[in-house]
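In what follows, a single structure is set out as structure tokens and then discussed.
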Amino acid sequence: MRLRIAAGNWKMNKDFNSGIELIKALKEGTTAQDGVHVILGTPFIHLKDAVAMTADVGHIDIAAQNCHQEEKGAYTGETSASMLHSIGIRYVILGHSERRQYFRESNELLGQKVRRALDTGLTPIFCCGESLNIRNEGWHARFVKNQLERSIFELSEADFKKVIIAYEPIWAIGTGVTASPEQAQEMHLEIRNAIAEKYNQSVADETTILYGGSVKPANAVDLFSQPDVDGGLVGGASLKAETFIPITNAFKQA
Ligand code: 13P
């Protein structure tokens, strides 16, 4: 049985106090469900408090939004995987399209970051997804498969099994345009088939694949009902308890 996940990616939003308030509200407003995890990808300034605040809540975990590929050293402004691990972080979002676009993170660099995260005991939530141009030209499946081949498909089977994948079509991120449940299902199945081809069917069947891109309370149930959609990575709607809590509950109706 695959783990199902409702993950929030706060990106560069929330000052310290409003972030802490949101964590409190989510702690009170979300409930434990069998086989379901809630993950909060907070800014770095909240991480340590977020871990402490949710230590007694089994169904909530905290994720960082990035880590550096090197173990340590003279990299001003960066945060290492082992620093994150040392404050109790167990998940890290890697490969988000905003990191790829604004910080020029390549598939190869992301492969190194994933390797470092895994070696340090962090679970990567690895993002992939195509632009609108690529979707319109019709080679989105090939593009995403290539992203995976040049980064996480380099991993051994044992390591790959620890990775969570998030399919996030760039045209659906922050635009209000959501992939239809059918479009999401089609790509999730493509990704799962690519995993089966590279590793084997049982690895593919066990891999959690999240959908990201304008997930809202109004569409979460339909998306999460798709057989190969195991949850969501949520941006805007994760910034308010009243929109994120219903998304965490969408599995009950899916
Ligand atoms: P939105 O939910 O705001 O579209 O963002 C999705 C995303 O980028 C999550 O990582």
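One-based numbering, in listed order, for ligands and for the atoms of each. Because only heavy atoms are used, hydrogens play no part in the values below, and waters and symmetry mates are left out as well, while side chains stay in.
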Next on the checklist: Quick test: of every protein heavy atom, which one is nearest to atom 9 (C) of ligand 1, and how far off is it to 0.1 Å?
Outcome noted: Glu168 OE2, 2.9 Å
Next on the checklist: Looking at every non-hydrogen atom in both residues, tell me the closest pair between His188 and Asp228 and how far apart they are.
Outcome noted: ND1-O, 3.0 Å
Next on the checklist: Closer than 4.0 angstrom, basic N to acidic O: yes or no for Glu105 and Arg99?
Outcome noted: yes
Next on the checklist: Within ligand 1, which atoms have a heavy atom of Ala172 less than 4.0 Å away?
Outcome noted: 4 (O)
Checklist outcome for this item: Taking every heavy atom of Gly19 against every heavy atom of Trp10, the minimum-distance pair comes out as O-CH2, 3.5 Å
Checklist entry - Does the pair Phe224 and Tyr211 meet the rule for a ring-ring contact (aromatic ring centres under 6.0 Å, His included), with working shown? => result CA-CA 9 Å; Phe224 297 178; Tyr211 166 79; 8.6 Å; no
Item to check | Closest to atom 8 (O) of ligand 1 (judged by heavy-atom distance), picking from Gln65, Glu98, His96 | outcome: His96
Checklist entry - Has Lys216 got any heavy atom lying under 4.0 angstrom from an atom of ligand 1? => result no
Checklist entry - Would you call Lys161 and Glu206 a salt bridge, using N to O less than 4.0 angstrom? => result no
Checklist entry - Is any NZ, NE, NH1 or NH2 atom of the basic residue among Arg116 and Asp119 found under 4.0 Å from an Asp or Glu carboxylate oxygen of the other? => result no
Checklist entry - Quick one: does Ala7 get a heavy atom under 4.0 Å from ligand 1? => result no
Next on the checklist: I need the contact type for Cys127 against ligand 1. Using non-hydrogen atoms and a strict under-4.0 Å cut-off, is it side chain, backbone, both or neither?
Outcome noted: neither
Item to check | Short N or O distance, Gly236 and ligand 1, threshold 3.5 Å exclusive | outcome: yes
Next on the checklist: When you compare ligand 1 with Ile173, is there at least one nitrogen or oxygen pair between them that comes in under 3.5 angstrom?
Outcome noted: no
Next on the checklist: For the 3.5 Å polar cut-off, considering only N or O atoms, please tell me whether Thr175 and ligand 1 meet it.
Outcome noted: no
Item to check | Numbered atoms and elements of ligand 1 in range of Gly213, under 4.0 angstrom, heavy atoms | outcome: 4 (O), 6 (C)
Item to check | Which residue and heavy atom of the protein sit nearest atom 6 (C) of ligand 1, plus the separation | outcome: Gly235 N, 3.7 Å
Checklist entry - If you measure from the Lys or Arg side-chain nitrogens to the Asp or Glu carboxylate oxygens, is any gap between Glu108 and Lys113 under 4.0 Å? => result no
Checklist entry - Which heavy-atom pair separates Asn107 from Arg100 by the least distance, and what is that distance? => result OD1-NH1, 2.7 Å
Item to check | Location of contacts on Leu233 toward ligand 1, heavy atoms closer than 4.0 Å | outcome: both
Checklist entry - Closer than 4.0 angstrom: is that true for some heavy atom of Ser214 and an atom of ligand 1? => result yes
Item to check | Donor-acceptor contact present, side-chain Thr54 to main-chain Val57, <3.5 Å | outcome: no
Item to check | Under 3.5 Å: N/O of Gly174 near N/O of ligand 1 | outcome: yes
